[in-house]
Amino acid sequence: VASDRWLCTIPAIGLAAPMAIVLSHDAVEKLLPIEACLDCTERALKSISSCQVVMPVRWGVVLPLEAEKEGVHVLGHMPSYLPDAITANPDAIRWWHPQTDPDGRRGGGGWMATKVVSVFPSNSGTGFSSHQGVVLLFEAGNGSLKCIADAHSVTATRTAAASAIATRLLSRP
């Protein structure tokens with residue numbers, strides 16, 4: 001994914017097309033190797049810890065399914081926003097919100113992303129994964145959907161990259 005700020009660049013795909021691209025599990029694994037993801041993940045973690053990204057706590061809807069379904073089933077949502085620039089109140093600690101922080105910082109442009117995932121523990125042994133979902137990438141300047149990617153492969157690569165970074169930073173010299 002291309003961005004002037006910190007998102008990884010996938011040279012084989014341009015995001016200027018008017019239609020969103022769809023990346024399957026295999027396509028994500030091919031286009032997002034762990035080596036390319038390490039630097040991007042480290043920059044993302046720094047951006048999150050320095051409040052340069054809007055990323056609320058993930059949340060989900062517990063599904064009231066039939067009693068024969070074992071376990072708690074959830075539709076989860078994990079939104080985020082990475083602006084190209086902070087355009088107002090850069091010294092504010094929090095991001096603008098109409099009710100809770102009218103003097104908060106604001107951003108311009110950038111990218112919005114969300115991961116939507118279904119968690120179905122009852123799928124164990126059925127041939128379906130217990131976690132299925134997509135990552136949606138939008139251009140924040142106009143709200144256009146740019147990419148729909150398999151969440152399982154994105155999550156696996158990101159988790160591996162975050163673990164490698166944590167190991168490197170926390171290991172003894």
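As the structure is a computational prediction, the values presented were derived from the model and not from experiment. Counting begins at 1 with the first residue of the sequence. Below, each value reflects all heavy atoms present in this structure, side chains not excepted, and no hydrogens, waters or symmetry copies.
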Problem - Considering all heavy atoms, the nearest Ser50-Arg105 contact - result: O-NH1, 4.2 Å
Handout entry: Hydrophobic cluster identity match, Val53 and Trp96, side-chain contacts under 4.5 Å
Key = no
Problem - Backbone N/O of His97 and side chain of Thr100: donor-acceptor pair under 3.5 Å - result: no
Practice task
Determine yes or no for a side-chain-to-main-chain donor-acceptor pair under 3.5 angstrom, with Ser49 supplying the side chain and Lys46 the backbone.
Solution key: yes
Practice task
Would you kindly confirm whether Leu136 and Tyr81 end up in one hydrophobic cluster when ILVMFWY residues are joined by side chain heavy atoms under 4.5 Å apart?
Solution key: yes
Exercise for the section: Show the numbers, then the answer: is there a side-chain contact (heavy atoms from CB on, under 4.5 Å) between Ser118 and His131? Expected result: CA-CA 6 Å; Ser118 65; His131 291 67; over 6 Å; no
Practice task
For residues Pro121 and Ser130, report the shortest heavy-atom separation together with the two atoms involved.
Solution key: CA-CB, 4.3 Å
Handout entry: Heavy-atom side-chain contact between Arg158 and Leu32 under 4.5 Å
Key = no
Problem - Heavy-atom pair with the smallest gap, counting every atom of Val74 and Gly60 - result: CG1-CA, 3.9 Å
Exercise for the section: For residues Trp95 and Pro83, determine if any side-chain heavy atom of one lies less than 4.5 Å from a side-chain heavy atom of the other. Expected result: yes
Fill in the blank from the handout: Interatomic distance, CE@Met55 vs CD1@Ile48, rounded to 0.5 Å, equals 3.5 Å
Problem - Distance in Å, Ile165 CD1 paired with Cys40 SG, rounded so as to fall on 0.5 Å steps - result: 9.5 Å
Fill in the blank from the handout: Rounded to the nearest 0.5 angstrom, the CD-CG distance for Glu139 and Asp84 is 8.5 Å
Problem - Nearest-0.5 Å distance, CZ of residue Arg94 to CG of residue Asn89 - result: 13.5 Å
Practice task
Show your working on side-chain contact (heavy atoms from CB on, under 4.5 Å) between Thr155 and Lys115 and close with a plain yes or no.
Solution key: CA-CA 9 Å; Thr155 301; Lys115 180 165 76 170; 2.7 Å; yes
Exercise for the section: Calculate, to the nearest 0.5 Å, the distance between atoms CZ and OG belonging to Phe120 and Ser129 respectively. Expected result: 11.5 Å
Practice task
List the steps, then state whether side-chain contact (heavy atoms from CB on, under 4.5 Å) holds for Val62 with Val72.
Solution key: CA-CA 7 Å; Val62 176; Val72 177; 3.7 Å; yes
Exercise for the section: Given side-chain hydrogen bond (donor to acceptor under 3.5 Å, both in side chains), test His77 with Thr114 step by step and report yes or no. Expected result: CA-CA 7 Å; His77 181 223; Thr114 192; 2.7 Å; yes
Completion exercise
In terms of heavy-atom contacts, Ala164 and Leu38 come closest through CB-CD2, 3.8 Å
Exercise for the section: Would you kindly confirm whether Ile34 and Val154 end up in one hydrophobic cluster when ILVMFWY residues are joined by side chain heavy atoms under 4.5 Å apart? Expected result: no
Exercise for the section: Step through the shown structure and confirm whether more than 12 heavy atoms of other residues, nucleotides or ligands are within 6.0 Å of NE2 on His152. Expected result: no
Practice task
Check the pair Asn123 / Gln132 against side-chain contact (heavy atoms from CB on, under 4.5 Å), numbers first and verdict last.
Solution key: CA-CA 10 Å; Asn123 280 351; Gln132 300 176 66; 3.5 Å; yes
Practice task
Kindly work out whether a path of hydrophobic side-chain contacts (I/L/V/M/F/W/Y, heavy atoms less than 4.5 Å apart) joins Val135 to Leu31.
Solution key: yes
Problem - Single-linkage hydrophobic cluster, 4.5 Å side-chain cutoff, Met112 and Ile148 together - result: yes
Practice task
State whether Asp39 and Arg43 are salt-bridged, where the test is any N-O pair (Lys NZ or Arg NE/NH1/NH2 against Asp/Glu carboxylate O) under 4.0 Å.
Solution key: yes
Exercise for the section: Using the side-chain hydrogen bond (donor to acceptor under 3.5 Å, both in side chains) rule, take Ser24 and Asp26 through it: C-alpha gap first, then chi angles, then the decisive distance, then the call. Expected result: CA-CA 5 Å; Ser24 67; Asp26 292 341; 5.3 Å; no
Exercise for the section: Check Leu82 against Gln52 and note the closest heavy-atom contact, atom names and distance. Expected result: CD1-O, 4.1 Å
Handout entry: Gap separating the CG atom of Leu63 from the CG atom of Leu75, nearest 0.5 angstrom
Key = 6.0 Å
Handout entry: Heavy-atom donor-acceptor pair, Glu35 side chain to Pro33 backbone, under 3.5 Å
Key = no
Practice task
State, yes or no, whether a side-chain contact exists between Pro56 and Pro79 at a heavy-atom distance under 4.5 Å.
Solution key: yes
